Student: 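Let me give you the structure first, and then I'll get to my questions.
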Amino acid sequence: MNPSTAFARVLVDELLRGGVTDAVLAPGSRSAPVALALAAAERAGRLRLHVRIDERTASFLALGLAKASGRSVPVLTTSGTAAAHLHAAVLEADASGVPLLALTADRPPELRSTGANQTIEQAQLYGGAVRWAADVGVPEEGREAAQNRYWRSVVAKALITATGALSADPGPVHLNLALRDPLMPDVDDRALGGPWVGRPDGAPWTAVDEASAPAANTHRLAVRTLVIAGDGPPSAAQGLTPRLELPVVAEPSSGSWGGPGSVRGGVFLLGDADWLAGHRPDHVLVLGRPTLSRPVNALLADPAVRVETVSAVPRWADAVRSSSRVARVFTGQTPERHWLTGSWPGAWHDAALRVGVAVDAVLDGSPELTAARVARDVVAALPSGALLVLGSSTAVRDVDRLAVPRADLTVLANRGVAGIDGTISTAIGAATAHDGPAFALMGDLTFLHDLTGLLTGEGEPVPDLTVVVPDNDGGGIFAQLEPGEDRYAEGYRRVFGTPHGRDLVAVAEALGWAATRVSTADELTTALGLGGPHVVVVRTDQRAEATLARDLRAAAAAALGG
Ligand SMILES: Cc1ncc(C[n+]2csc(CCOP(=O)(O)OP(=O)(O)O)c2C)c(N)n1
Ligand SMILES: [Mg+2]
């Protein structure tokens with residue numbers, strides 16, 4: 001076996017031993033040995049392989065697979081700019097703690113800095129965004145046993161690091177793979193033998209011993225304790241038990257959404273200064289990473305509020321730098337149980353119910369199917385057990401403030417860096433790993449940004465995914481923020497509104513997806529029931545959305561007695 005082939009086959013074998021079940025690749029010639037080894041593993045029924053022509057799409061697909069499965073997912077590229085296209089997904093994986101494994105094929109050292117074709121500085125390409133990066137030495141003839149140990153231990157370490165098995169800090173890892181010609185295999189797919197064997201019984205080269213459970217910390221709860229749950233894995237919510245009866249303002253992708261204590265439209269309550277003045281918590285427990293709303297940050301910055309953080313990972317979120325304590329697990333004890341069953345949590349739940357009725361009346365009162373209503377109705381219409389992937393921008397925020405929270409859905413969003421990139425690919429990846437129907441909700445620019453994500457080639461697994469796109473012909477969120485104020489009207493359309501004028505049904509169909517345009521609530525419900533892969537487009541209007549957002553806030557304020 002030539003050295004590149006031996007290396008590639010050992011690498012893939014060790015990935016499989018380490019628990020990898022899915023891998024993604026984009027084609028190229030420097031990466032050929034690894035690509036062929038992955039394809040061979042798939043033929044042997046040991047792996048599900050996904051092939052994409054666009055590396056950015058490939059990496060977000062891997063991100064979605066890893067996010068939904070909790071397993072490491074390798075994404076393989078050739079050398080040069082191909083490797084750079086993984087950067088956005090690596091950043092998202094870093095910020096949201098997803099075990100993405102970037103495998104970038106590279107030229108051997110003697111070709112670097114020589115002007116050789118498709119050659120860049122790839123080692124440390126992703127800087128501090130990865131938990132670990134290794135520039136793996138070029139496979140060579142001879143020293144088989146030593147090279148086998150080296151390769152297997154590098155892969156085992158990469159997987160242990162990516163999954164956070166020892167650190168409790170999962171995240172991306174980069175293996176830069178320098179390969180020398182010949183790159184094409186000189187043997188068939190026979191099992192690895194001789195010096196290339198791994199540990200007996202299919203074990204990984206290095207396995208992690210079960211870590212002992214982290215020590216429990218006890219939070220001293222106040223009479224008025226509020227839980228703010230931001231984006232994070234469901235484990236972030238562990239320990240939040242129904243018996244505590246604390247009100248929970250949970251973001252949709254928090255794992256606590258719809259769980260015990262979860263209030264609908266919490267952002268309306270926090271955003272109403274008058275109501276909050278009478279219901280201000282003394283103590284706020286923060287789980288995960290809250291990123292969606294300004295009223296949450298305002299509350300966390302309030303010096304009268306004692307802020308504490310629960311974080312299973314050593315990177316806790318504290319964007320306003322007010323947290324006075326961080327603990328690994330939540331083990332809140334009610335000092336005096338009856339304190340908590342008093343009027344304060346009840347007032348939050350009552351207020352949320354009143355706001356819910358008020359916003360429903362506004363949403364149902366409009367004859368048009370607005371983006372806001374789509375967000376609420378999509379959530380309500382999904383079958384139990386479904387996956388919902390939310391795009392950044394208005395989609396996730398509309399669900400956050402308007403939908404009735406549901407604990408029976410798996411809700412994911414790329415909130416690590418909150419990019420509008422790679423969302424279709426993330427959704428396809430997550431849907432592929434999810435057991436059951438999957439749905440995604442994203443704006444038109446978010447959709448257009450990742451069009452190559454729709455491009456699933458011949459023979460690729462295609463999940464049951466329905467992508468719902470409220471199409472307001474551009475970036476409507478800006479109309480709801482400062483740029484949307486009348487005094488900036490002159491430049492708005494050109495530099496914020498960014499209308500594209502495309503027919504997204506035609507666009508989706510051109511890329512091979514069934515697509516439907518809907519304009520009523522009933523049509524939306526019907527379209528959601530058709531099954532995927534399917535794109536559902538709803539035409540909406542940026543300015544009307546901004547007006548509606550104001551109407552919703554006013555209705556909430558009125559319901560809160562303002
Ligand atoms: C990769 C990336 N580029 C730019 C942005 C800035 N940005 C945030 S929201 C947004 C507009 C999104 O438009 P769309 O997806 O149509 O959603 P809408 O705001 O219309 O609901 C942009 C450009 C971003 N978050 N990520
Ligand atoms: Mg839009």
Side-chain angles (χ1 to χ4, degrees), residues 54-57 59-60 63-64 84-96 129 231 252-253 289 291-294 368-378 389-403 413-427 440-454 467-484 488 491-505 507-508 517 535-550 552:
D54 170 339
E55 288 78 13
R56 188 177 67 174
T57 286
S59 57
F60 276 102
L63 179 88
H85 288 292
L86 307 185
H87 207 151
V90 166
L91 291 169
E92 176 60 32
D94 174 29
S96 55
D231 178 68
S253 61
R289 296 180 54 248
T291 59
L292 290 183
S293 73
R294 296 180 186 187
E368 263 107 64
L369 188 51
T370 57
R373 177 158 179 182
V374 169
R376 182 199 62 177
D377 290 1
V378 163
V389 176
L390 296 172
S392 291
S393 201
T394 322
V396 65
R397 292 189 170 80
D398 276 348
V399 170
D400 182 54
R401 63 197 176 122
L402 300 170
N414 283 342
R415 296 307 304 169
V417 209
I420 60 164
D421 45 350
T423 311
I424 292 173
S425 304
T426 303
L441 179 70
M442 68 189 74
D444 49 304
L445 292 192
T446 305
F447 180 79
L448 287 168
H449 207 293
D450 192 25
L451 276 189
T452 52
L454 292 178
V467 180
V468 182
V469 187
D471 174 12
N472 56 13
D473 197 19
I477 195 163
F478 301 117
Q480 300 183 35
L481 301 172
E482 287 83 355
Y488 305 123
Y492 181 83
R493 187 178 156 83
R494 183 82 205 286
V495 303
F496 293 108
T498 57
H500 48 80
R502 294 305 98 183
D503 172 357
L504 298 188
V505 169
V507 167
R517 179 182 309 289
V535 172
V536 179
V537 180
V538 190
R539 201 50 229 258
T540 63
D541 178 86
Q542 291 189 20
R543 291 285 169 184
E545 282 165 19
T547 308
L548 180 62
R550 277 194 292 278
L552 288 164

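Both counts, for ligands and for their atoms, begin at 1 and track the order of listing. Nothing here was measured: the structure is a model prediction, and the numbers come from that model.
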Student: For ligand 1, which atoms, with element, lie under 4.0 Å from some heavy atom of G419?
Tutor: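 Matching atoms, with element in brackets: 25 (N), 26 (N).
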Student: Distance check, rounded to the nearest 0.5 Å: T423 atom OG1 versus D450 atom CG?
Tutor: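 One gets 6.5 Å once the value is rounded to the nearest 0.5 Å.
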Student: Is R294 salt-bridged to E482, cutoff N-O under 4.0 Å?
Tutor: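 A salt bridge is present here (some side-chain N lies under 4.0 Å from a carboxylate O).
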Student: Strictly below 4.0 Å, N to O, side chains only: are R502 and D444 in salt-bridge contact?
Tutor: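 Looking at R502 and D444, the cut-off is not met.
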Student: Find all atoms of ligand 1 within a distance of less than 4.0 Å from any non-hydrogen atom belonging to G474, and give their numbers and elements.
Tutor: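 Numbered from 1, ligand 1 contributes 13 (O), 14 (P), 16 (O), 20 (O).
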Student: Taking only non-hydrogen atoms of F447, do any sit less than 4.0 angstrom from ligand 1?
Tutor: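 It does not; every heavy atom stays at 4.0 Å or beyond.
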Student: Which heavy atom of F447 sits nearest to which heavy atom of A508, and what is that distance?
Tutor: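 Looking at all heavy atoms of both residues, the closest pair is CZ-CB, 4.2 Å.
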Student: Among all protein heavy atoms, pick out the one at the shortest distance from atom 3 (N) of ligand 1; state its residue, atom name and that distance to 0.1 Å.
Tutor: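 Here the nearest protein heavy atom works out to I420 CG1, 3.8 Å.
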Student: List every atom of ligand 1 that sits less than 4.0 Å from any heavy atom of G475, numbering the atoms from 1 in the order shown and giving each element.
Tutor: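 What qualifies from ligand 1 is 11 (C), 13 (O), 19 (O), 20 (O).
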Student: Once rounded to the nearest 0.5 Å, what's the spacing between atom CZ of F60 and atom CG of D54?
Tutor: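 One finds 10.5 Å between CZ of F60 and CG of D54.
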Student: So, D473 side chain and H500 main chain: donor-acceptor pair closer than 3.5 Å or not?
Tutor: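 Looks like yes, one N/O pair under 3.5 Å.
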Student: To which protein heavy atom is atom 21 (O) of ligand 1 closest, and what is the distance rounded to 0.1 Å?
Tutor: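 The protein heavy atom lying closest is T394 OG1, 2.5 Å.
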Student: Using a 3.5 Å distance criterion without hydrogens, assess whether the side chain of Q480 forms a donor-acceptor pair with backbone atoms of A546.
Tutor: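 Such a contact is absent between Q480 side chain and A546 backbone.
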Student: Tell me, which protein residue and heavy-atom name are nearest atom 22 (C) of ligand 1, and how many Å apart are they?
Tutor: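 Minimum-distance protein heavy atom for atom 22 (C) of ligand 1 reads F478 CZ, 3.6 Å.
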Student: Should you measure from each heavy atom of I477, which atoms of ligand 1 turn up under 4.0 Å away?
Tutor: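 Result: 9 (S), 18 (P), 19 (O).
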Student: For atom 19 (O) of ligand 1, what is the nearest protein heavy atom, given as residue, atom name and distance?
Tutor: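 For atom 19 (O) of ligand 1, the nearest protein heavy atom comes out as S393 OG, 2.5 Å.
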Student: Indicate yes or no for a side-chain donor-acceptor contact from R517 to the backbone of V537 under 3.5 Å, with no hydrogens or angles considered.
Tutor: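 Side chain of R517 to backbone of V537, a donor-acceptor pair under 3.5 Å: no, none is there.
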Student: Output the distance between atom CG (L292) and atom CZ (R401), rounded to the nearest 0.5 Å.
Tutor: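 Reported to 0.5 Å precision, the distance equals 11.0 Å.
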Student: Using a 4.0 Å cut-off to any heavy atom of G476, which atoms of ligand 1 qualify?
Tutor: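 Going through ligand 1 atom by atom, the ones under 4.0 Å from G476 are 18 (P), 19 (O), 20 (O).
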Student: Just which atoms of ligand 1 are under 4.0 Å from any heavy atom in L445?
Tutor: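 Answer for ligand 1: 13 (O), 14 (P), 15 (O), 16 (O).
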Student: With a cut-off of 4.0 Å, which atoms of ligand 1 are near a heavy atom of G443?
Tutor: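 Numbered from 1, ligand 1 contributes 14 (P), 15 (O), 16 (O), 17 (O).
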Student: If we ignore hydrogens and angles and just use 3.5 Å, is the side chain of R289 paired with the main-chain N or O of G416 as donor and acceptor?
Tutor: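 Checked: pair present.
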Student: Where is the nearest protein heavy atom to atom 15 (O) of ligand 1: which residue, which atom, and how far?
Tutor: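 The protein heavy atom lying closest is T446 OG1, 2.5 Å.
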Student: Indicate yes or no for a side-chain donor-acceptor contact from R493 to the backbone of P499 under 3.5 Å, with no hydrogens or angles considered.
Tutor: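 Not a single qualifying donor-acceptor pair exists.
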Student: Heavy-atom distances under 4.0 Å are what count here, so tell me which part of A418 touches ligand 1: side chain, backbone, both or neither.
Tutor: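 Under 4.0 Å from ligand 1, A418 contributes backbone atoms alone.
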Student: Provide the number and element of each atom of ligand 1 under 4.0 Å from a heavy atom of N472.
Tutor: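 Once the distances to N472 are compared, the set is 16 (O), 18 (P), 20 (O), 21 (O).
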Student: Would you say E545's side chain and T540's backbone share a donor-acceptor pair under 3.5 angstrom?
Tutor: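 A pair under 3.5 Å: no.
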Student: Spell out the protein N/O/S atoms under 2.8 Å from the Mg ion (ligand 2) as residue plus atom name.
Tutor: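 Listed by chain and number, the nearby protein N, O or S atoms are D444 OD1, N472 OD1, G474 O.
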Student: Quick check against the 3.5 Å criterion: does S253 have a side-chain atom that pairs as donor or acceptor with the backbone of D231?
Tutor: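 No; judged by distance alone, with no hydrogens or angles, the pair does not exist.
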